[in-house]
K.L.:
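Let me begin by handing over the structure; questions about it come next.
Convention: sequence-line order gives letters A, B, ...; per-chain numbering from 1. Just so you know, these numbers use all the heavy atoms, side chains as well, and skip hydrogens, waters and symmetry mates.
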2 protein chains.
Amino acid sequence: MDFPPKSVTSTEVLGTQSRNCSVCSQHQLCLPTDLNECDTQRLDKIIGWRKIPRDGFLYRAGDPFTSLYAVRLGHFKSYQENLAGDRQITGFQMTGEMLGLDAINSAQHQCDVIALDDSEVCIIPFKTLEALIAQMPPLLHHFHRIMSQEITSEQKIINILGNMRAEQRFAAFLLNLSSHYAKRGYSPTQFQLRMSREDIGNYLGLTIESISRLISKMRNEGLIRVQQRNVEILDLPRLKKLAADIDTLNIKPF
Amino acid sequence: MDFPPKSVTSTEVLGTQSRNCSVCSQHQLCLPTDLNECDTQRLDKIIGWRKIPRDGFLYRAGDPFTSLYAVRLGHFKSYQENLAGDRQITGFQMTGEMLGLDAINSAQHQCDVIALDDSEVCIIPFKTLEALIAQMPPLLHHFHRIMSQEITSEQKIINILGNMRAEQRFAAFLLNLSSHYAKRGYSPTQFQLRMSREDIGNYLGLTIESISRLISKMRNEGLIRVQQRNVEILDLPRLKKLAADIDTLNIKPF
DNA sequence: CGTTAGTTTGAAAGAATTCAATGTTGGTGG
DNA sequence: CCACCAACATTGAATTCTTTCAAACTAACG
């Protein structure tokens, strides 16, 4: 069932990833599972493809919005800049995640998006997608779920920024990465940070020094092992307790 | 052009608000402007209606998701509760705004939503809406814009929580209310806060005492006038400068 | 008129930042 | 191959901002 459609030459599907949705490794993350083969191929036809080198822009705030992007390979960061020139990273995106949804309303991109790795994206022309969507109910609903998910994941950040202390924020951040990697079949306890300490700090509303101190503290407590950008979570349950604010240190005798 | 459709008796359209989209005062906020009369009436037919008393729940986190809600009258707050029982208000909603979009993905509501005023909502059964949407391209696109707008407005909060100091946060909060009221034809400089100081603090990641101090400070500086929940912005430009982090006090001589 | 919920104010404590210095890594060119 | 540089990261000390704790105040309501 994984052979390439006949319209595609064999060289085009060489490499670790195919350019076709039906054989893409992100299939279950990106596409509705109940889409039939025919509809999947119709979708294939409208989807383009692009490579972004490390530190390259996928798009910039203010760019006209024409397409959504699905991360096929690699990692991205999205940030907004305010009038004073301060930046706020609003999210990190990894394989299978959608970029550009925030631009639909104004037809202009709202963020700068930069690749943290050499990366690849699927280009999804939005007008075409909407036309297709109207004819394919499962895809319609799936697309709404994706947008809804985006809202939910931003609410998570609001929760982190709004009522967690520094240590909890960082714990929540690690746990979020952990579950994302787990969902993609990678180890939930060992992974590489794709972003600098500065990016992490910015994202979590903390300074780079605070991040550094938190890493040292958690390392000393045997919670994590960190070597540069390599992270190993040594005590996942305790990390979860920490992030959930269940203050194990303050258990009162009665 | 504003007479009620014949299927509706005259008593039903009495009062300040009609139950029909075509004559609803929120028309331009809620509906696509390029929807024809016939399509508007099809939409009318699926939309229900409900009153929520002050402090009443519109829905609770975990409730099964069946419908979206559009605020027709009044104000709401949405908040999430974490495992430790801490709450985080993720947004305040006023007339014309949509509630429940975050529930599409999981089919369960993600927030508790409470009315701050005696309020009224339109009930929009989601399955029916999706079916209708697929047949009405302008409505399809409009719905996507609404979801996109929700994403954008959450990014605003992330920006506030992620890199503003207390004073800027509160300034940004007031300005946000100001522009919302302006958009609805009310005064941008005089309005009533519908939420308690505690709610404001929670929303902005600050304590109630901090909010209180900020109000006092801004009052002393002639920026605002506050009498209980009545707010008057006395110096809008300066408030904007403050929120934008343009530090007028720190202009260096050379 | 007293009670209550919500708000304001003050003083002390705590959390995170700022500033400054030092350490580490990886790349580049001599 | 090594020395040096630049970018990134860590650590310490002082400062700043915000919270916490405590008390007093205010308006609304029965």
K.L.:
Any residue in residues 204-224 of chain A with a heavy atom nearer than 4.0 angstrom to DNA chain D? Just list them by number, or reply none.
P.N.:
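Hits under 4.0 Å, by residue number: A/Glu209, A/Ser212, A/Arg213, A/Ser216.
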K.L.:
Is the distance from OP1 or OP2 of D/dA9 to the nearest side-chain N or O of A/Gln228 less than 4.0 Å?
P.N.:
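Indeed not, no polar side-chain atom of A/Gln228 lies that close.
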K.L.:
Aromatic ring centroids of B/Tyr69 and B/Phe76 under 6.0 Å?
P.N.:
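No, the ring centres sit 6.0 Å or more apart.
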K.L.:
Under 3.5 Å, is there a donor-acceptor pair linking the side chains of B/Gln80 and B/Thr90?
P.N.:
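No, no side-chain donor-acceptor contact under 3.5 Å.
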K.L.:
To the nearest angstrom, how far is B/Asn163 atom CG from D/dC17 atom P?
P.N.:
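The distance from CG of B/Asn163 to P of D/dC17 comes to 16 Å, rounded to the nearest Å.
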K.L.:
So which heavy atom on A/Glu150 is nearest to which on A/Met98, and how close?
P.N.:
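Here A/Glu150 and A/Met98 meet closest at OE1-O, 4.3 Å.
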K.L.:
Quick one: stems involving DNA chain D, counted as three or more successive Watson-Crick or G-U pairs, both distances short of 3.5 Å.
P.N.:
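If one scans DNA chain D for consecutive Watson-Crick or G-U pairs, the stems found are C:1-30 with D:1-30.
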K.L.:
Give me the atom names and distance for the closest heavy-atom approach of A/Leu161 to A/Arg169.
P.N.:
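For A/Leu161 and A/Arg169, the tightest heavy-atom pair comes out as O-NH2, 3.3 Å.
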K.L.:
Just the rounded figure in Å: distance from P of D/dA28 to CZ of B/Arg229.
P.N.:
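Atom CZ in B/Arg229 sits about 11 Å away from atom P in D/dA28.
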K.L.:
Atom CZ of A/Arg197 and atom C1' of C/dA16: how far apart are they, to the nearest Å?
P.N.:
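After rounding, the reported distance stands at 18 Å.
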K.L.:
Which nucleotide sits closest to the side chain of B/Arg165: C/dA16, C/dT7, C/dT17?
P.N.:
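For B/Arg165, the side-chain atoms sit closest to C/dT17.
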K.L.:
Please confirm whether the backbone N or O of B/Gln108 pairs with a side-chain atom of B/Gln110, one donor and one acceptor, at under 3.5 Å?
P.N.:
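Side chain of B/Gln110 to backbone of B/Gln108, a donor-acceptor pair under 3.5 Å: yes, one is there.
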K.L.:
A/Leu193 and A/Leu177: which non-hydrogen atoms are nearest, and at how many Å?
P.N.:
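Taking A/Leu193 first and A/Leu177 second, the nearest heavy atoms are CD2-CD1, 3.5 Å.
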K.L.:
Rounded to the nearest angstrom, tell me the gap between atom CD in B/Gln168 and atom C1' in D/dC17.
P.N.:
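Whole-Å distance recorded here is 13 Å.
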K.L.:
If you compare all heavy atoms of A/Cys111 against all heavy atoms of B/Gln155, which two are closest, and at what distance to 0.1 Å?
P.N.:
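For A/Cys111 and B/Gln155, the tightest heavy-atom pair comes out as SG-NE2, 4.1 Å.
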K.L.:
Rounding to an integer number of Å, can you tell me how far B/Glu198 CD sits from C/dT7 C1'?
P.N.:
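Going from CD in B/Glu198 over to C1' in C/dT7 covers 11 Å.
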K.L.:
Would you say the ring centroid of B/Tyr203 lies under 6.0 angstrom from that of B/Phe92?
P.N.:
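Centroid separation for B/Tyr203 and B/Phe92: below 6.0 Å.
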K.L.:
Is B/Gln227 near enough to D/dT26 that one of its side-chain N or O atoms lies under 4.0 angstrom from OP1 or OP2?
P.N.:
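For B/Gln227, the contact criterion (side-chain N or O under 4.0 Å from OP1 or OP2 of D/dT26) is not met.
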K.L.:
Rounded to whole angstrom units, what separation is found between the CZ atom of B/Arg169 and the P atom of D/dC17?
P.N.:
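One finds 13 Å between P of D/dC17 and CZ of B/Arg169, rounded.
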K.L.:
In terms of the angle between their ring planes, are A/Tyr186 and A/Tyr181 parallel, tilted or perpendicular, with boundaries placed at 30° and 60°?
P.N.:
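The arrangement is perpendicular - the two ring planes meet at more than 60°.
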K.L.:
Over how many whole Å does the gap from B/Leu193 atom CG to C/dG6 atom P extend?
P.N.:
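So the CG-P distance, B/Leu193 to C/dG6, works out to 15 Å.
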